[in-house]
Amino acid sequence: MSRPLVSIVTTSYQQARYLEETIRSVLEQDYPRLEYIVVDDGSTDGSVEIVERYADRLAWWTTQRNQGQPRALNRGFEHATGDLLGFLSSDDVLLPGAISRLVAEFERDPELVLVYGGAINVDEDSRPFRTAWSADWDVGLMARTARMVVPQPAALWSRRGWELAGPFNERAWSWFDAELFLRLGAVGRVAWVEEPLAAFRLHPESKQMSRHERMAEDSIRFAEEFWGGDLPPRLRPYARVGRAGQYRRAALALYAAGDVERARRLFLRSLLLSPRGIRRKQLGRLARTLLPGRIVRRRRERR
């Protein structure tokens, strides 16, 4: 009996500094049945030249005008023929043996739709500096805290799951993977491998660290479009707390961007929906949005 074919898609946009490390981390996996697809989303920094060096080892690749990561991923998965699917952003890496370990879980339980492992965080020079947060599958926890238990680079999902829960939401900017994972968990079983299988890179250009206002807008969209939309039955009990969690996430991002007034409104909206899931560190920041604006400005200036 042959082992399942695994398709990995990498999208690249202006990440030439990290792209080759990403590509090599996939091509050097020890799993024998691997299909690798790369979509360059309009880079002008030498990324295309890097991809071209590995073209003979890729199942398919293309370059296109910039259309955003979810659309680029969907285009890549249109060309994927694997039984199991995953994606790796062009600044992240798979650890040795990661795919074999994930596939083993699917072979153990063919009814799984999603398997994910742990991850480590690395900096721009590939130096590990902490373990990325992950936990056993818990929709309530993810809704309350607006945090995914799934480190995205360390995940694979089944073809059946993709057909039921995909494709990626092209209106999203950051939370498109979270939407897919939640929908996957609503249609089938999920398993967690409690060991690091990928490295998730945090650097000054990362979405999480550089574009607070854009992150806030996508969190608001996620709250209203996903948690406030037509949810699968398994997710409906978490709709109210899920919206509250995303409003708090948006408030924190706006506070970091200096928009205290709007952060205050979103924080209060989240409390009206549900106060559950606020972590102590979050509460300290969010509570400062309730102070008069001049006091907040003075405190921010002193930091």
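The structure presented is a predicted model; accordingly, all values stated were derived computationally and were not measured. The figures here come from the full heavy-atom set of this structure, side chains too, leaving out hydrogens, waters and symmetry mates.
None of W227, F181, F222 except one satisfies the ring-ring contact (aromatic ring centres under 6.0 Å, His included) rule with W175; the exception is F222.
Following chains of ILVMFWY side-chain contacts shorter than 4.5 Å, one cannot reach L88 starting from L5, and the two form parts of different hydrophobic clusters. W60 and L27 end up in different hydrophobic clusters when Ile, Leu, Val, Met, Phe, Trp and Tyr side chains are linked at under 4.5 Å. Hydrophobic clustering places I99 together with V38 (ILVMFWY residues linked when any side-chain heavy atoms are closer than 4.5 Å, directly or through intermediates). Under a hydrophobic clustering in which Ile, Leu, Val, Met, Phe, Trp and Tyr are joined whenever their side-chain heavy atoms come within less than 4.5 Å, directly or via other members, L19 and F200 fall into different clusters. Note on V9 and I50: separate hydrophobic clusters, where clusters join Ile, Leu, Val, Met, Phe, Trp and Tyr whose side-chain heavy atoms are under 4.5 Å apart, directly or indirectly.
Distance alone, capped at 3.5 Å, places no donor-acceptor pair between the R248 side chain and the F267 backbone. Panel note: side chain T22, backbone S90; a donor-acceptor pair is recorded below 3.5 Å. Judged by distance alone, with hydrogens and angles left aside, the side-chain atoms of S89 form no donor-acceptor pair with the main-chain N or O of D91 at under 3.5 Å. Panel note: side chain Y238, backbone R243; no donor-acceptor pair is recorded below 3.5 Å. Using modelled atom types, no side-chain atom of S7 and backbone atom of A80 make a donor-acceptor pair closer than 3.5 Å. The main-chain N or O of V93 is never found under 3.5 Å from a side-chain atom of S25 such that the two would form a donor-acceptor pair.
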(request) List the steps, then state whether side chain to side chain donor-acceptor pair (under 3.5 Å) holds for D45 with S47. (result) CA-CA 6 Å; D45 64 347; S47 294; 2.7 Å; yes
(request) Evaluate side-chain contact (heavy atoms from CB on, under 4.5 Å) for D136 paired with E194, printing each intermediate quantity in order. (result) CA-CA 9 Å; D136 204 359; E194 296 184 60; over 6 Å; no
(request) List the steps and the verdict of side-chain contact (heavy atoms from CB on, under 4.5 Å) for R265 and E261. (result) CA-CA 7 Å; R265 292 196 298 271; E261 295 297 326; 4.2 Å; yes
(request) Please assess L85 against R159 for the test side-chain contact (heavy atoms from CB on, under 4.5 Å), listing each intermediate value before the final yes or no. (result) CA-CA 7 Å; L85 311 170; R159 169 68 62 178; 3.8 Å; yes
(message) As a quick check of understanding, evaluate ring-ring contact (aromatic ring centres under 6.0 Å, His included) for W162 and F168, giving each step before the final call.
(response) CA-CA 9 Å; W162 177 250; F168 289 109; 5.4 Å; yes
(request) List the steps, then state whether side-chain contact (heavy atoms from CB on, under 4.5 Å) holds for R183 with F226. (result) CA-CA 10 Å; R183 290 190 182 279; F226 182 83; 3.7 Å; yes
(request) Apply side chain to side chain donor-acceptor pair (under 3.5 Å) to S43 and Q15, showing your working. (result) CA-CA 8 Å; S43 300; Q15 298 282 5; over 6 Å; no
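Remark: Q67 CD to L73 CG distance equals 12.0 Å, nearest 0.5 Å.
One finds a salt bridge joining E20 and R53 here, because a Lys/Arg side-chain nitrogen approaches an Asp/Glu carboxylate oxygen to under 4.0 Å. Using a 4.0 Å cut-off between charged nitrogen and carboxylate oxygen, E217 and R214 do not count as a salt-bridge pair. Residues D218 and R249 are not paired through a salt bridge, judged by the lack of any N-O separation under 4.0 Å between the basic side chain and the carboxylate.
No hydrogens or angles considered: nothing links the side chains of S100 and Q29 as a donor-acceptor pair under 3.5 Å. With hydrogens and angles left out, the side-chain atoms of Q64 and D41 include a donor and acceptor closer than 3.5 Å. In this model, a donor atom of one side chain and an acceptor atom of the other lie less than 3.5 Å apart for E179 and N169. Side-chain contact check for Y36 and T10: at least one donor-acceptor pair (N or O, by modelled atom type) lies under 3.5 Å. With 3.5 Å as the limit, one finds a donor-acceptor pair spanning the side chains of N74 and E170. Defined by atom type and a distance below 3.5 Å, a donor-acceptor pair is present between the side-chain atoms of S126 and R201. In this structure, a donor-acceptor pair under 3.5 Å is present between the side chains of Y247 and E224.
Here the two rings, on F87 and F77, have centers that are 6.0 Å apart or farther.
No more than 12 heavy atoms of other residues, nucleotides or ligands lie within 6.0 Å of CD in E213, so this atom counts as exposed by the packing criterion. Around the CZ atom of R236, the shell of radius 6.0 Å holds more than 12 heavy atoms that belong to other residues, nucleotides or ligands.
Residues L266 and A251 approach most closely at CB-CB, 4.0 Å, considering heavy atoms. A135 approaches L141 most closely through the heavy-atom pair CB-CD2, 4.5 Å. The minimum heavy-atom distance linking I37 with G76 is given by the pair CD1-O, 3.6 Å. A pairwise comparison of heavy atoms in Y31 and L34 identifies O-CB, 4.2 Å as the closest pair.
At least one cation-pi condition fails for R221 and W173: the charged atom is not both under 6.0 angstrom from the six-membered ring centre and inside a 45 degree cone around its axis.
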